[in-house]
**Student:** 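Right, I'll just put the structure down here and ask away after.
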Amino acid sequence: MRIVEINKDSINDILKNLLKRSTGNYGDYEKIVADIIENVKENGDAALFEYSKKFDKFDLTAENIKVTKEEIEEAYSLVDDEYIEVMKHARDNIKAYHEKQVRNTWIDTKPDGSILGQRISPIESAGTYVPGGKAAYPSSVLMNIIPAKVAGVKKIVMVTPPNAEGKINPGTLVSADIAGADEIYKVGGAQAVAALAFGTESVPKVDKITGPGNIFVALAKKAVYGNVGIDSIAGPSEIVVLADETANPRYVAADLLSQAEHDELASAILVTTSKELAEKVSEQVELFTRELSREAIIRKSLDNFGYILLAQDIEMAIDTVNAIASEHLEILTKNPFDTMTKIKNAGAMFLGEYSSEPLGDYFAGPNHILPTNGTSRFFSPLSVDDFIKKSSIIAFSREGLEKVHKEVELFAKNEGLTAHANSIAVRFE
């Protein structure tokens with residue numbers, strides 16, 4: 001891996017390079033996605049069947065689009081029993097973590113009888129997109145569906161593309177059943193997002209769409225936002241490891257590669273104050289890479305978006321980490337909990353040498369659907385909050401309104417809204 005000494009110019013260049021992975025740089029695809037969405041909006045199932053034949057090489061029909069109970073039972077028979085138990089254990093951990101996020105309706109009553117409050121209620125329906133391309137990720141199924149279930153969403157619809165035989169990855173189906181999906185449909189791509197956003201004869205419209213996908217899925221989510229809610233526009237995976245001279249270079253290298261193997265556009269960055277560690281990690285990365293099954297993907301990822309950044313001191317290193325605002329941040333310093341207090345921007349933080357990032361991907365409990373491409377500056381991990389909505393409660397007594405009515409009327413008049421003022425004044429004529 002290339003070793004770069006940090007200064008203002010080098011950081012700016014690196015940030016610009018990382019931003020090349022943003023969906024904002026794929027304008028050529030937006031017209032294709034817009035046409036697909038419009039076709040599904042206008043023609044419903046007929047458009048879905050057309051795209052399935054074109055992209056997935058499968059003859060989709062109204063009779064086979066929905067996954068049946070028998071198909072789910074078949075999937076269980078094809079998945080190793082031990083793996084099923086591991087998925088159930090992961091489900092329990094994820095459920096327990098997200099249950100701590102549940103928020104309650106509250107009411108505040110004042111002595112004059114006025115009542116203010118906030119009502120928390122779940123959205124009615126949610127749609128989960130699950131990729132079905134190069135790799136299947138049952139873990140993402142759990143991470144999308146379980147927070148919605150904990151929030152109390154009544155109907156959870158999952159969409160995922162089939163193979164040419166009309167089959168869904170068995171692990172994906174089993175994890176969907178374990179997580180509690182209510183309906184599963186064999187459709188993927190931008191057309192699946194459009195179906196969830198507007199509804200077709202077979203696929204129901206939902207209130208919110210979550211889940212990762214390729215550039216077409218990401219652009220489709222972006223395009224339908226406003227007609228339906230979305231979680232965020234997910235980009236390629238990324239990891240930053242913040243380490244000092246106490247870190248184990250073998251662990252650091254292994255953790256960087258755990259994200260580089262995802263995708264040619266994935267980013268793996270070490271920020272360190274130790275030149276010796278930087279050199280040892282670079283050597284270890286090369287040794288590991290030769291042994292790993294996805295060597296070609298890893299090398300492209302590291303060539304394009306992999307860095308070892310050498311900082312003059314820990315303050316500069318922390319400033320760099322906050323500027324990158326990574327999806328995953330591992331802190332491997334002498335006192336990681338102290339270092340953590342200085343971190344402002346990170347999707348998820350992993351503290352200490354036994355908190356490797358894949359633990360969060362699969363098992364620990366916190367959600368692994370995280371803000372990418374610097375968006376942890378203003379976005380948060382997927383959570384129960386993504387599946388609830390809030391309504392304000394206002395109930396004033398005459399006594400309560402009488403105390404403030406002149407102030408409200410004055411405010412309204414100064415904004416030129418005399419009907420607003422009159423709505424208050426009429427009650428005290």
Side-chain angles (χ1 to χ4, degrees), residues 32-75 123-133 136 138 140-141 144-145 148-149 153-170 172-177 179-214 216-231 387:
I32 297 171
V33 168
D35 289 344
I36 290 173
I37 291 171
E38 188 60 29
N39 191 7
V40 172
K41 188 177 178 181
E42 292 296 320
N43 299 300
D45 275 358
L48 294 185
F49 303 159
E50 170 194 340
Y51 291 126
S52 181
K53 182 68 174 177
K54 180 178 180 180
F55 299 127
D56 301 319
K57 314 303 179 189
F58 176 62
D59 286 317
L60 196 65
T61 67
E63 286 69 41
N64 63 22
I65 190 172
K66 187 175 182 180
V67 172
T68 63
K69 182 179 178 182
E70 289 72 26
E71 286 176 299
I72 293 173
E73 290 173 353
E74 180 188 18
I123 61 175
E124 287 289 314
S125 58
T128 295
Y129 186 92
V130 178
S140 284
V141 177
N144 273 281
I145 293 175
K149 294 293 287 187
V153 177
K154 290 181 180 178
K155 188 172 187 177
I156 301 173
V157 179
M158 189 178 98
V159 293
T160 188
N163 63 18
E165 287 73 46
K167 298 290 186 180
I168 305 297
N169 178 277
T172 298
L173 286 184
V174 169
S175 61
D177 187 64
D182 295 301
E183 298 174 8
I184 306 170
Y185 293 90
K186 302 176 185 179
V187 59
Q191 60 271 25
V193 174
L196 291 173
F198 300 105
T200 72
E201 296 89 333
S202 296
V203 180
K205 181 185 187 308
V206 299
D207 295 321
K208 188 163 192 173
I209 302 171
T210 66
N214 62 19
F216 295 99
V217 171
L219 289 173
K221 287 171 68 178
K222 186 177 179 181
V224 301
Y225 177 63
N227 294 287
V228 64
I230 63 170
D231 49 352
F387 300 98

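Predicted, not measured: the structure shown is a model, and the values here were computed from it.
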**Student:** Is K205 salt-bridged to E124, cutoff N-O under 4.0 Å?
**Tutor:**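 Here K205 does not pair with E124 in a salt bridge, since their nearest N and O are not under 4.0 Å apart.
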
**Student:** Within the side chain of S175, is there an N or O that forms a donor-acceptor pair under 3.5 Å with the backbone of V141?
**Tutor:**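 Side chain of S175 to backbone of V141, a donor-acceptor pair under 3.5 Å: no, none is there.
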
**Student:** Would you say S202's side chain and A62's backbone share a donor-acceptor pair under 3.5 angstrom?
**Tutor:**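 Between the backbone of A62 and the side chain of S202 there is no qualifying donor-acceptor contact (under 3.5 Å).
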
**Student:** Could you check whether Y51 and N39, counting side-chain N and O atoms only, form a donor-acceptor pair closer than 3.5 Å?
**Tutor:**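 Yes, side-chain donor-acceptor contact under 3.5 Å.
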
**Student:** Tell me whether E201 contacts the main-chain N or O of D45 through its side chain, where contact means a donor paired with an acceptor under 3.5 Å.
**Tutor:**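 Indeed, once roles are kept as given, a pair shorter than 3.5 Å links the two residues.
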
**Student:** Looking at D182 and V157, would you say the former's side chain and the latter's main chain have a donor-acceptor pair under 3.5 Å?
**Tutor:**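 It does not hold such a pair.
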
**Student:** Do side-chain atoms of K221 reach the backbone of G211 as a donor and acceptor pair under 3.5 angstrom?
**Tutor:**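 Yes: the side chain of K221 pairs with the backbone of G211.
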
**Student:** Y185 side chain to A192 main-chain N or O, any donor-acceptor pair under 3.5 Å?
**Tutor:**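 No, because the side chain of Y185 does not come within donor-acceptor range (under 3.5 Å) of the backbone of A192.
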
**Student:** Okay, side chain of N64, backbone of L60: is any donor-acceptor separation there less than 3.5 Å?
**Tutor:**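 No: the side chain of N64 does not pair with the backbone of L60.
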
**Student:** Keeping E71 on the side-chain end and T68 on the backbone end, is there a donor-acceptor pair under 3.5 Å?
**Tutor:**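 At least one qualifying donor-acceptor pair exists.
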
**Student:** Using a strict cut-off of less than 4.0 Å between a Lys/Arg side-chain nitrogen and an Asp/Glu carboxylate oxygen, indicate whether K167 and E74 qualify as a salt bridge.
**Tutor:**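 Salt bridge between K167 and E74, a charged N being under 4.0 Å from a carboxylate O: yes.
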
**Student:** Nearest 0.5 Å please: distance from the NZ atom of K57 over to the NZ atom of K53.
**Tutor:**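 Rounded to the nearest 0.5 Å, the NZ-NZ separation comes out at 8.5 Å.
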
**Student:** Quick one: CZ on F58 to CD1 on I65, what's the gap to the nearest 0.5 Å?
**Tutor:**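 Here the rounded value is 9.5 Å.
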
**Student:** Is there a donor-acceptor pair closer than 3.5 Å between any side-chain N or O of N43 and the backbone N or O of V40?
**Tutor:**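 Absent.
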
